[in-house]
Amino acid sequence: MSFLESLNEKQQEAVKSAQGPVMIVAGPGSGKTRVLTFRIAHLISIGVPAYQILALTFTNRAASEMKDRVVKLVGEKSTQLWMGTFHSVFARILRTECEQVGFQKNFSIYDSQDSLGLIKGVMEAQGISWQRFNPQAIRSRISGAKNQLIGPDEAARRATDIFEEKAAQVYAEYQRRLKQFNAMDFDDLLLKPIELYTLHPKTLAKYQDRFRFILIDEYQDTNRAQYTLIKMLADRYRNICVVGDDAQSIYAFRGADIRNILDFERDYPEAKTIRLEQNYRSTRSILAAADTLIKHNVDQIPKDLWTENTEGDPISVVACDDDKDEGLTIVSRIFEESRRLKLDMKDVAIMYRTNAQSRSLEDALRRQNLPYAIVGGVEFYQRKEVKDVMAYLRVLVNPRDQESFLRIVNYPVRGLGDVALEHFLAFAGSAGVDLPSAALRAGEIALLTPKAKSGIASLGALFEKYRRMSAEMSLSELSRAYVDEIGILKIFKDEGNPEAMARWENVQELLSAISEFSASRPDATLEQFLQDVSLLSNMDEWDDKHNAVTLMTLHSAKGLEFPLVFVAGLEEGLLPFYSSSIERKELEEERRLLYVGMTRAMRKLTLTHARIRFRFGEMSYQSPSRFLEEMGGGAVLTESVHRGSPYRSAATTAAPRPSRKPAATRGDRFVPDEQPDYDSEALSADDLKAGKFVEHEIFGKGKVVYVVGTGESLKAVVDFPQVGRKNLLLKYARLKIV
DNA sequence: ATTAGGCGATTTTTT
DNA sequence: ATCGCCTAAT
């Protein structure tokens, strides 16, 4: 086959091993995507019908790109291929099969924000205080349990402290309500199919028979639920091919389980393992530094990455005065390097640990008139006005969706408060009807004020009207008329200020998106649109057609490559992040995260750190990241820039910077080993470090999350299990180290 | 007694 | 920019 000739020997082997289980361990830049694409094309070319192939990717974007490439290789017969993220593929399957697990086909999909709202409601109903038990923490605990396939009952049995007991209690009611609301959260999109296949072996057999060839990309980032699901599906034909790299596993915090890679060979003893170790992407300098860094991890499968590429430029490490300076430095280097290497702006990426860091970078780019695009950040579909309209649409599709109903029941204002809502919910509950039906009968609720009665009744009438009309109108007409009648466009217009006009435009943009969606496919439904939007990943929205610098988090950078890469904020507390610098496993994940970022670079990599960073409303002294030392000195060029900046004068008058002795001992060349005398306070920055346990007179024992400021204004943020996070001024707090 | 609007605190990573 | 709490207005 002609298209195989461009592959190396290992890659060809990976492509041609069509039958049986295969694990491909693919280092960064080793042509993994090409292998996957060619493998699919190969399967089709040897006669496998495209609809028997299921390919799971990490983003929908990756899926559609890969699909396009397969079409180019083998033509239109490949369009029946099933390709997408775990969540979108199984949401699609659930759309047809969910009745077997007690859901209606029009079920809603709740994102984390919706889930959190629901959890708060449950906690309120159960009389669990939001102050004592952080709803966000409860949510992530529940999600964690679900990812490990632990149900509410088992969670309750396993609970060892009051927090876990409460979480389990909330969990049980949360699941009950999701079912009642005909809604699923992200985790359910994986759990319900497992339930479906367990309860209905015939259905499982149908899908096993359907998907005879399964491919999974980014296998290192799959969780236990995904693993189980795939194991079920692949059990019959065992034609499963997973591609991953343990060194690029960066989603353990979300339940990704490294055992999935390690267990693969145990579950499939006949599996063939193929290693792709030749890197085609990066210069030798870049690869060497990344490799030296990642070798500091204990948990890893040994690999020998190599490249035939040239040595290239050394990696630059630039020390900047502060975060503004960091932005300016990066911008001026973008100018220099892009000219020197003859690159466009679309060849440049700036990566960082937290979304909050994009602000100062954006400022610098804007000031220099450099075009840029941000991946993620405050996403369009997360904006309040967009979520509000989406909630209206969801209620139309799924009247049982109480969470969405409650979101918009008093927006625009209809004269309803907590009390009126209580009465209304009680009425709906005793009448045993969904909320839109109850709203139509608001007149029957004696306890409501006239204003509340008419407000709710008109909302009920609105839903009723558009539910009827949905049969006769096109999707795009319907949504426009509906949104118009909701009245929020008028509110924004009347308000007239720039923010309101921006919101007005966002709603218009949402309507355009609906029109576009309905024009793009003949069978477009509102259900389908809502589902697609719920399952968008932030990469899916990224437009790489524009010639602009790309800004994104290190997490979003996975799978991409750019000739010129900047990683900003290589500082202790930021990368590695505060709370992740204590546990070895978490620290190793931070290291992998930087590894992912570094290995995105093809020709030139620049790492920056700031000495002072404006965080949490004040200046904070930052030490260079320990990872810089861990890269070894060989290919690294250390530089330091000084530039005037508004923070500078304040900085130079401040107390000497707290000393710090990084944990790593080798290659201390990036950090001058200074040890200023610093003993004035009983507790100084020397004693008080992130991760230490301290005792407070009132709050009890807690863990230090991080420390900011110096001398008199030395502050610590401490996590107390009972009372939560407290910001303490050391001068007064009188903490004791435990 | 209720509700609406103002004010202040907050910021890891995400399907 | 958004959320949650508090107080003024009804």
Side-chain angles (χ1 to χ4, degrees), chain A residues 56-63 84-91 109-113 115-117 120 130-131 135-136 140 143 146-147 184-190 218 221-223 225-226 249-256 351-359 375-379 382-385 387 410-423 447-449 451-452 455 499 502-503 506 534-540 552-558 569 573-581 586 589-590 592-594 596-597 613-617 705-706 717 724-725 727:
Chain A
L56 296 162
T57 56
F58 203 71
T59 63
N60 291 304
R61 181 192 176 81
T85 63
F86 268 93
H87 290 86
S88 56
V89 164
F90 287 99
I109 298 173
Y110 284 179
D111 66 16
S112 324
Q113 212 183 90
S115 298
L116 185 63
K120 284 178 176 172
W130 297 2
Q131 337 292 340
Q136 188 69 255
S140 80
S143 177
K146 291 174 90 166
N147 283 329
M184 300 191 201
D185 65 12
F186 282 144
D187 303 321
D188 285 334
L189 294 178
L190 306 173
E218 308 286 5
D221 288 320
T222 53
N223 63 32
Q226 290 166 325
S249 157
I250 54 175
Y251 283 100
F253 75 93
R254 204 174 80 187
M351 300 165 192
Y352 37 79
R353 177 65 229 267
T354 67
N355 281 308
Q357 285 168 261
S358 71
R359 262 266 308 275
V375 175
V378 191
E379 289 163 73
Q382 298 292 347
R383 299 217 171 119
K384 191 184 170 300
E385 63 276 17
K387 287 215 76 167
N410 198 34
Y411 183 81
V413 289
R414 296 186 175 90
L416 292 140
D418 293 344
V419 180
L421 219 58
E422 284 295 312
H423 295 317
L447 290 160
L448 291 184
T449 61
K451 202 174 171 187
E499 291 102 67
R503 289 177 189 278
N506 286 333
S534 304
L535 299 177
L536 279 180
S537 73
N538 61 13
M539 280 313 300
D540 300 336
M552 64 188 140
T553 63
L554 289 161
H555 283 91
S556 306
K558 189 168 72 164
L574 206 48
L575 185 63
F577 199 77
Y578 304 107
S579 48
S580 303
S581 50
E586 293 186 353
E589 178 145 315
E590 298 287 304
R592 290 192 294 268
L593 194 52
L594 176 56
V596 167
R613 186 172 293 276
F614 206 73
R615 301 203 71 198
F616 307 109
V705 183
Y706 58 93
V717 172
R725 223 163 243 216
N727 204 334

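Small disclaimer: the values here were computed from a predicted structure and weren't measured. Numbered from 1 within each chain, the chains take letters A, B, ... in sequence-line order.
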Inset, instruction - Report yes or no: is the cationic atom of A/Lys384 (NZ for Lys, CZ for Arg) under 6.0 Å from the centre of the six-membered ring of A/Tyr411, at an angle within 45° of the ring normal? - result: yes
Legend entry - Nearest-nucleotide pick for A/Arg503, side chain only, options being B/dT13, B/dA4, C/dT2: C/dT2
Legend entry - Options B/dT3, B/dT15, B/dT14, nucleotide nearest the side-chain atoms of A/Ser556: B/dT14
Legend entry - For A/Phe186, ring pair (Phe, Tyr, Trp, His ring centres under 6.0 Å) partners two or more places apart: A/His87
Legend entry - N or O in side chain of A/Gln131 less than 4.0 angstrom from C/dC5 OP1/OP2: yes
Inset, instruction - Have a look at A/Asp418 and say if it touches a base, only the backbone sugar-phosphate, or nothing, with a 4.0 Å heavy-atom cut-off. - result: sugar-phosphate
Please write out the pairs of protein N or O atoms and N or O atoms of nucleotides 7-9 of chain C separated by less than 3.5 Å, giving the distance to one decimal.
none

Inset, instruction - Using a 4.0 Å heavy-atom cut-off across all strands, classify A/Leu416 as base, sugar-phosphate, or nothing. - result: sugar-phosphate
Legend entry - A/Ser112 side chain, from C-beta outward: closest of B/dT15, B/dT3, B/dT13: B/dT15
Inset, instruction - From the options B/dT3, B/dT13, B/dA4, select the nucleotide whose nearest atom is closest to the side chain of A/Asn410. - result: B/dA4
Legend entry - Residue A/Gln113, side-chain atoms from C-beta onward, closest of B/dT15, C/dC3, B/dT3: C/dC3
Inset, instruction - Classify the nucleic acid contact of A/Tyr251 as base, sugar-phosphate or nothing, counting any heavy atom under 4.0 Å across all strands shown. - result: sugar-phosphate
Inset, instruction - Ignoring the backbone of A/Ala356, work out which of B/dT3, B/dT15, B/dT11 is nearest its side chain. - result: B/dT11
Inset, instruction - Consider the side chain of A/Lys384, meaning its heavy atoms from C-beta on, and name the nucleotide among C/dC3, B/dT15, B/dT14 that approaches it most closely. - result: C/dC3
Legend entry - Centroid-centroid under 6.0 Å between A/Tyr251 and A/Phe58 rings: yes
